[in-house]
Amino acid sequence: MSENENPVPIKPQKSLDFIRKKILEDVKNGRNHGQVTTRFPPEPNGYLHIGHAKSICLNFGVAAEYGGVCHLRFDDTNPEKEDQEYIESIQEDVQWLGFDWDRHLYCSSDYFEKFYQYAIELIQRGKAYVCSLSPQETREYRGTLTRPGKDSPYRTRSVEENLDLFKRMRQGEFPDGTCALRAKINMAHPNIAMRDPALYRIRHAAHHRTDRQWCIYPMYDFAHCLSDSIEKITHSLCTLEFEDRRPLYDWILDALEVECHPQQVEFARLSLTYTILSKRKLLHLVNDKHVSGWDDPRMPTISGLRRRGVPPEAIRNFCGHIGVDKTNSIIDIGMLEYYVREYLNKKSPRVMVVLRPLKVVIDNYPNDQVEELEAENNPEDPRTGTRKVPFSRVIYIEQEDFQENPPPKYFRLVPGREVRLKHAYYITCQNIVKDETTGEIIELHCSYDPESRGGGTPDGRKVKSTLHWVSAAHALDIEVNMCDHLFSKPNPEKVEEGTDFKDNLNPHSLLRLKACKAEPGLEGASPGNRYQFLRHGYFCVDPDSMKDNLIFNRTVSLRDTWVKIKQKTK
Ligand code: ATP
Ligand code: MG
C-alpha cells in the first residue's frame, strides 16, 4: 500500500497492543505449532456497524500480521432473528472493508450434529443434565451476586434418564421452555455464569439454513467454544462482556477433552459519541422508519458509512489508531471524522457546487461570452492536473456569501465591496434586486475587473475573501443531502426516566437541498464517486442517483473538530 493510502496517524504508532504481544509470545514459544488462526463470528441478525469493524480489523489484521488465517463464521444458533439478507450484507461489508476469508467461510449451524454429539458426551460423563424447572423457577434457583444458587431437583437424574430425555427433546416431544440441558458445574459458584448454565433449549422454530430439522438449539456459550475448537482457532478474540464467561468456555472444552482448546482473549468494545452501536437498537430505527434503512447514510452501519461516502481505508486507519485496549471508553466521533477527512483530502477531486443559489449578473461582462477557466483538481495532489470550468455573465453564488447589512468581521460580498471568484475574476457588488412583495434578495448586479483573471490584479490589490460560483447557463441541477449526527446527545444511550434512546434522535440530522447548482464537470458522476465541494466538505454520489438527477450525500464537513478537541484537552 502506498503512503497516500495509509496516512500516518496523528499519534505516533503505539507499540504492540496486549493482544499482539500475547500472540507474538505464543508464536515465539511455538504454541499451536506457531500457527495463528482467528475468526470473526457475527450473528446474522442485523447489519454490521463500525464497532464490528474494530473486531474485523483486529481479527483479520493479526492473522495477516502473523502469517495466519481468519475465518468468517456465522454464529447462527438463534433461529428466530436470523436472516439470509444479513448473511449477504455481512459478507459484502467485510469484503468492502478490504478483508478476505479465502475459503474459510463457516456457519455454526453446520456443526449442529457435532454439538449434539458433544452434548451426549457431556451427559455420559455425568457433566450435563436435563432440567425440568420452568424458566421462572430456573431464575429463582440461580441466586444473586450475594446469594448462592440452589441445586435443581433434577440435578441428580441418572445418565440414562438424561440421555433418554435429551433424545426426546430432539425428537420434539416437549414444548418450548419445558426443559433444558444444563451443565453440571456448581450452583454456589461466585461467578453466576458457572451456576449450571443452560447448554440447549427447546425452540420449535424454523432455521434459515436447517429449516425444521432441529427443535433444540445450542446456547451461545456451548456453541461458541465448540465452533472455535472444531475450526482449530488459536486465539478467540471477543469483547469484554464475555470475560465472565471465559471460565465456562474453558470448562466445556476441558470437560470434553477436545483436541483443540483455543484461548479466549477479551478487548474493549468500541463506543462512539453521538452514536448507537447495538444491532437491536439499530433494527428499531429501521423498523420504526426513523431512517430509510440499514444503509441510511446517517447510520453507523458499514453499509450506511459506505453510502455516506466514508472510504474503507479511513475506517481501517481509524481502527488502527484507536488500537485495542482492556478498558471500555467512548471515542469521540470527531476522531473518525478526522480520518475520513484526512483520506478524502488527498483523494477527492475538487468541484464547485452552490447549495443555496443566489443569482449574480455581471453587467460589464460581454453578453454572449463564455470563457473556459483553468481550475486545479486537487491542490494536495498536483498529478491530478487541472480542468476547465465555464464562466459567463450570469453566475450563482451562495446566498450566505452575501449580506446587505453585514455583521462585523463579515468579509464576503456586501454592497460596494470587491471579492475574488475562485479561479476567475474580482467582482464588486453594485446593486441589489429584491422581490417587491417579500423584500427577499433575488439577484445581485456586479461589475468585474477584466484584469483580474485567474485571481490577481496588476496593481496587487488585495481582497479579503474568495467565493465559489457556478455559471448559470452551464450549471447542473443536483440534490444534496446534508447529513449530520443521527443523535443530538453525545451519549444517546443515557436516557432519563420515561424516555428512550429514540428521544435523543437529532431532528436535524438530514437536510435535503433540492435545488443546488453544480459545475458541469459533475455530469456523468456515478454512485460511490467522492468529491470535495469547495468550502462545503466531502460529498459522495448516492446509489439512488439517476443520470439526470444526481443525488449527493455529505460525508463530512471541512471543519476539523478533532483538531479542536485535541487542543481543548491539552
Ligand atoms: P450488537 O451488540 O451490536 O448486537 P453483538 O456483539 O451482539 O453486537 P455479534 O454479531 O455477536 O454482535 O458480533 C460479532 C463480533 O463483533 C463479536 O466478536 C463482538 O464481540 C464484536 N463486536 C460487536 N460489537 C462490537 C463493538 N462495538 N466493538 C468491538 N467489537 C464488537
Ligand atoms: Mg451478540
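Counting starts at 1 for both ligands and their atoms, in listed order. Atoms considered below: every heavy atom in the structure, side chains included; atoms not considered: hydrogens, waters and symmetry mates.
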Query raised in the report: Given the rule in the side chain to side chain donor-acceptor pair (under 3.5 Å) test, do Tyr129 and Asp196 qualify, once you have shown the distances and angles that lead to the verdict?
Result: CA-CA 9 Å; Tyr129 62 98; Asp196 291 10; 2.7 Å; yes
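- Neither side chain, Ser348 nor Arg530, offers a donor N or O lying under 3.5 Å from an acceptor on the other.
- Ligand 1 places these atoms under 4.0 Å from at least one heavy atom of Phe40: 14 (C), 15 (C), 16 (O).
- Remark: Arg554 engages no residue in a side chain to side chain donor-acceptor pair (under 3.5 Å) (not counting sequence neighbours).
- Neither side chain, Glu92 nor Ser89, offers a donor N or O lying under 3.5 Å from an acceptor on the other.
- Ligand 1 places these atoms under 4.0 Å from at least one heavy atom of Glu43: 9 (P), 10 (O).
- Lys281 forms a cation-pi arrangement with Phe501, by the criterion of a distance under 6.0 Å to the ring centre and an angle within 45° of the ring axis.
- With atom 16 (O) of ligand 1 as the reference point, the heavy atom nearest to it among Arg280, His52, Lys279 is part of His52.
- Neither the backbone nor the side chain of Ser271 has a heavy atom within less than 4.0 Å of ligand 1.
- In the vicinity of Ser55, heavy-atom distances shorter than 4.0 Å reach the ligand 1 atoms 16 (O), 21 (C), 30 (N).
- A cation-pi arrangement is absent between Arg73 and Phe40, since the terminal nitrogen or guanidinium carbon is not both under 6.0 Å from the aromatic centre and inside a 45° cone about the axis.
- Shown in contact with Thr239 at under 4.0 Å from a heavy atom are these atoms of ligand 1, numbered in order with element: 19 (C), 20 (O), 29 (C), 30 (N), 31 (C).
- Heavy-atom contacts of Leu277 reach the following atoms of ligand 1: 3 (O) (cutoff under 4.0 Å).
- Checking side-chain atoms of Thr210 against main-chain N and O of Gln213 turns up no donor-acceptor pair under 3.5 Å.
- Closest heavy-atom approach to atom 14 (C) of ligand 1 among the candidates Ala268, Pro42, Ala53, Cys238: Pro42.
- Inclusion of Arg39 in the set of residues having an N or O under 3.5 Å from an N or O of ligand 1 is not warranted.
- Taking any N or O of Phe242, backbone or side chain, none lies under 3.5 Å from an N or O belonging to ligand 1.
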